[in-house]
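From a predicted model like this one, the values you see are computed outputs, not experimental measurements. Protein chains get the first letters and strands the later ones, always in sequence-line order, with residue 1 at the start of each. The figures here come from the full heavy-atom set of this structure, side chains too, leaving out hydrogens, waters and symmetry mates.
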There are 2 protein chains.
Amino acid sequence: MSPRASSPATVKIGDVARAAGVSLGTVSKALNGTGSLREETRRHVQEVADRLGFVPDSRGRGLASGRTYTVGFLTTDSFGRFTLPILMGAEDALSVGRMAVILSDTRDDRAREEHLVRSLRGRRVDGLVVTGRSTDERARVDIDIPVVYAFTRPDDPEQCAVLSDEAAGAALAARHLLSLGRSRILHVTGPQRHRSARVRAEAVVDTAGDALVGEPMFGTWSEEWGRRAIDIALASGLDVDAVCCGSDQIARGVLDQLHERRIAVPEQVAVTGYDNWDVMALAARPPLTTVDMNLGEVGRRAGEMLLELIDGREPARCEIIVPPRLEIRGSTV
Amino acid sequence: MSPRASSPATVKIGDVARAAGVSLGTVSKALNGTGSLREETRRHVQEVADRLGFVPDSRGRGLASGRTYTVGFLTTDSFGRFTLPILMGAEDALSVGRMAVILSDTRDDRAREEHLVRSLRGRRVDGLVVTGRSTDERARVDIDIPVVYAFTRPDDPEQCAVLSDEAAGAALAARHLLSLGRSRILHVTGPQRHRSARVRAEAVVDTAGDALVGEPMFGTWSEEWGRRAIDIALASGLDVDAVCCGSDQIARGVLDQLHERRIAVPEQVAVTGYDNWDVMALAARPPLTTVDMNLGEVGRRAGEMLLELIDGREPARCEIIVPPRLEIRGSTV
DNA sequence: TGGCGCACGGCAAACGTTTGCCTAGTTTCC
DNA sequence: GGAAACTAGGCAAACGTTTGCCGTGCGCCA
């Protein structure tokens with residue numbers, strides 16, 4: 001087969017060497033800043049390389065140096081709302097280490113995951129960032145290169161991970177409501193079988209104490225549930241001056257239903273969300289006070305940690321908990 | 001530097017050869033189904049390779065075969081709402097060609113794009129999918145490998161592209177409203193400087209004809225604008241029985257404001273959106289009738305076309321227009 | 001002026017594959 | 001029974017780098 005029939009034959013290191021009148025190894029050293037060369041030589045080679053538009057072939061480079069400068073980004077949860085900011089953060093951190101990121105979306109399919117991991121292994125990636133839903137633990141990826149889990153919690157506690165402090169986030173919202181003098185707080189959140197929902201609910205219960213009205217209401221992560229929850233709560237005669245929601249979507253539903261019933265937000269009832277999902281939180285009326293998990297930061301820290309692991313440096317901590325942040329807007333005074 | 005200090009030294013093709021008692025080249029042929037070998041030999045080699053857990057090194061493979069089986073996915077628009085489904089579709093199509101996808105997010109930064117393209121070139125990717133906002137044309141990427149533009153329109157008409165038929169989509173919505181007997185249709189859409197807004201508006205005007213009330217209302221792609229537009233329209237005494245919106249977000253705002261004013265949807269006024277963005281369209285009350293651009297299909301077709309180009313086959317058409325589809329829900333009868 | 005050391009840069013092995021060519025052995029056909 | 005025609009698989013070159021080691025020529029010092 002004709003090797004790479006690209007039109008104007010790619011320029012390789014030998015071409016640069018010839019054009020610069022030096023040896024092939026010298027070009028490599030000049031361009032990589034290694035070996036011992038006169039500054040003048042380096043400059044000259046650099047110039048020639050630029051003129052010729054030389055870009056070193058990562059295959060040869062990888063083969064010779066043992067590093068590919070490539071990492072895999074493995075996600076179970078397609079590229080949903082949560083995965084995305086993490087990906088962006090990770091890319092940020094990794095690109096300063098000149099790493100390229102290969103995307104692998106398992107679509108939550110075991111066989112597909114196996115195939116993808118095999119492919120990544122074949123590409124000799126230097127490391128792996130694994131992410132997915134935070135709701136449950138995920139099985140560790142069986143591969144003998146550095147792996148950092150982001151957002152999702154690996155079932156093996158030895159593995160490095162960067163997680164969001166969900167309890168702290170929920171507490172943040174609850175405390176905020178308390179500080180506003182609210183004393184009859186309702187908690188509406190997602191399905192009880194989801195770890196996130198449970199953890200957040202527990203934190204709200206602990207923080208709000210006597211100020212909590214009734215039991216946490218578990219349902220689904222939808223606007224629809226937010227609306228229904230309000231109906232249910234009011235129908236059962238609950239007296240409420242704040243609703244602490246498990247997600248922005250739920251909060252949006254809550255807001256709509258309160259509006260519907262002519263209950264003033266935030267005057268009569270304050271509302272908080274969770275996620276700081278801009279399209280939801282900012283478009284709500286009033287704009288939603290909500291917890292931001294700093295997912296970008298989660299991804300960034302995961303990328304940084306992976307770089308450390310790849311470089312063989314032991315990272316200070318192998319589990320990083322990223323603190324969330326409260327974004328205060330109009331839905332709470 | 002120690003070449004790849006991974007714990008249990010990676011098994012290479014030579015190891016398999018030795019273990020199977022054949023030559024190195026034979027292993028390659030057996031595993032790749034090339035050359036002429038006895039079926040028995042192939043099986044035997046395959047077995048040994050499996051037992052040893054051999055995964056060929058893509059660097060060596062790429063170097064020898066001239067193909068990297070890697071493509072770049074270059075996006076200007078971070079990985080927003082539109083880019084994502086395209087990415088997923090493209091990945092779908094490319095993964096059947098055993099291609100890995102390297103992500104490159106330019107963040108709309110010229111310098112960053114240059115750097116990323118250089119990096120992709122260094123990795124000798126076999127091809128490139130370029131995507132971004134559909135609102136404007138984008139400068140062609142200067143690289144001498146196959147490139148397919150998806151969703152975004154390249155400024156050079158020679159380039160291959162897969163686009164969504166936005167005019168058809170808007171017409172679809174307008175025609176649907178007409179077919180329901182609506183005769184006083186208002187069009188509310190995004191900024192006039194956006195190509196998408198202009199194209200869709202033009203199509204609505206053409207399709208609705210006399211049934212169009214007033215001029216298309218250009219604004220922003222936000223819920224806020226949807227709400228305001230309704231206020232403005234009603235304040236100016238417009239009599240309307242349908243609102244054809246340029247996006248789901250706008251439609252959502254329109255719905256909310258109509259609801260606010262106790263105007264029944266769809267009985268008194270029917271509403272259509274554009275994008276079929278599930279979190280918006282499904283959570284709306286009533287659920288939104290909207291145009292789905294089939295972005296997954298756009299990505300898939302782009303991936304397929306790229307595969308063809310890489311394989312040197314001239315694709316039948318170099319510009320593919322993917323037809324949109326109307327998703328009918330409760331906001332129109 | 002002679003010797004030593006140092007700075008610079010060349011040489012070639014190594015990285016892990018694929019693939020065209022060649023050879024040895026087996027069959028087939030007269 | 002012998003030669004021609006295949007068949008199966010070995011051999012080695014090639015892909016494009018990096019890097020350790022070595023040699024050469026120069027400067028410096030005595």
Review point. Could you give the CG-to-C1' distance, from B:Asp57 to D:dG16, as a whole number of Å?
Key: 14 Å
**Study point:** A:Leu24 side chain, from C-beta outward: closest of C:dG9, C:dT18, D:dT18
**Key:** D:dT18
Distances under 3.5 Å between protein N/O atoms and the N/O atoms of nucleotides 21-28 of chain C, please, pair by pair.
none

**Study point:** Integer-rounded Å distance: C:dC15 P and A:Leu63 CG
**Key:** 9 Å
Exercise for review: List the steps, then state whether side-chain hydrogen bond (donor to acceptor under 3.5 Å, both in side chains) holds for A:Thr10 with B:Arg124.
Suggested key: CA-CA 10 Å; A:Thr10 331; B:Arg124 301 293 189 268; 5.0 Å; no
Practice item. Name the nucleic acid region contacted by A:Thr34, choosing base, sugar-phosphate or nothing; use a 4.0 angstrom heavy-atom cut-off, strictly under. Key: nothing
Check your understanding: Any idea which heavy atoms bring B:Cys160 and B:Val147 closest together, and the distance?
Key -> CB-O, 4.0 Å
Exercise for review: Answer yes or no: is there a side-chain heavy-atom contact under 4.5 Å between B:Thr68 and A:Arg59?
Suggested key: yes
Exercise for review: Answer yes or no: is there a donor N or O on one side and an acceptor on the other, between the side chain of B:Arg98 and the main chain of B:Ser95, under 3.5 Å?
Suggested key: no
Exercise for review: Quick one: which residue pairs count as a ring-ring contact (aromatic ring centres under 6.0 Å, His included) with a foot in residues 139-162 of chain B, not counting sequence neighbours?
Suggested key: B:Phe82-B:Phe151
Check your understanding: Does D:dT18 have OP1 or OP2 sitting under 4.0 Å from an N or O in the side chain of A:Arg61?
Key -> yes
**Study point:** By side chain to side chain donor-acceptor pair (under 3.5 Å) - contacts of B:Asp108 (at least two apart)
**Key:** B:Arg133
**Study point:** Atom-to-atom span, CZ of A:Arg43 to C1' of C:dC8 - whole angstrom
**Key:** 16 Å
**Study point:** Length of the CD-C1' vector between A:Glu39 and C:dG9, whole Å
**Key:** 15 Å
Exercise for review: Could you say whether B:Gly60 or B:Leu37 is positioned toward the 5' end of DNA chain D, judged by the nucleotide with the nearest heavy atom to each?
Suggested key: B:Leu37
Detail all sub-3.5 Å separations between protein N/O atoms and N/O atoms belonging to nucleotides 5-7 of chain C.
none

Point to revise | B:Asn32, nearest nucleotide to its side chain (from D:dT18, C:dC8, C:dT18) | key: C:dT18
Exercise for review: Please report, rounded to the nearest Å, how far the C1' atom of C:dG10 is from the CZ atom of A:Arg18.
Suggested key: 16 Å
**Study point:** Partner residues of B:Glu308 under the side chain to side chain donor-acceptor pair (under 3.5 Å) criterion, sequence neighbours left out
**Key:** none
Check your understanding: When rounded to the nearest 0.5 angstrom, what distance separates CG in A:Leu52 from NZ in A:Lys12?
Key -> 12.5 Å
Practice item. Take the protein atom CZ of B:Arg42 and the nucleotide atom C1' of D:dG9, then report the distance between them rounded to whole Å. Key: 11 Å
Practice item. Can you tell me the distance, in whole Å, between the CG atom of B:Leu31 and the P atom of C:dT19? Key: 13 Å
Exercise for review: Tell me whether the OP1 or OP2 atom of C:dT18 has a side-chain N or O from B:Ser65 closer than 4.0 Å.
Suggested key: no
Review point. Reckon A:Ser23 has a side-chain N or O less than 4.0 Å from the OP1 or OP2 of C:dG10?
Key: yes
Practice item. Determine whether A:Arg67 and A:Ile310 make a side-chain contact, defined as any pair of heavy atoms from C-beta on separated by less than 4.5 Å. Key: yes
Which side-chain N or O atoms in residues 23-32 of chain A pair as donor and acceptor under 3.5 Å with protein atoms at least two apart or in another chain?
residue: A:Ser23; atom: OG; partner: A:Gly25; partner atom: N; Å: 3.4
residue: A:Ser23; atom: OG; partner: A:Thr26; partner atom: N; Å: 3.4
residue: A:Ser23; atom: OG; partner: A:Thr26; partner atom: OG1; Å: 3.1
residue: A:Ser28; atom: OG; partner: A:Asn32; partner atom: ND2; Å: 3.3
residue: A:Asn32; atom: ND2; partner: A:Ser28; partner atom: O; Å: 2.9

Exercise for review: Would you indicate, yes or no, if C:dG9 has its OP1 or OP2 atom less than 4.0 angstrom from a side-chain nitrogen or oxygen of A:Thr26?
Suggested key: no
Point to revise | Protein-nucleotide distance (A:Tyr69, atom OH; D:dT17, atom P), rounded to Å | key: 16 Å
Exercise for review: Give A:Thr41 one of three labels, base, sugar-phosphate or nothing, depending on what nucleic acid heavy atoms sit under 4.0 Å from its own.
Suggested key: sugar-phosphate
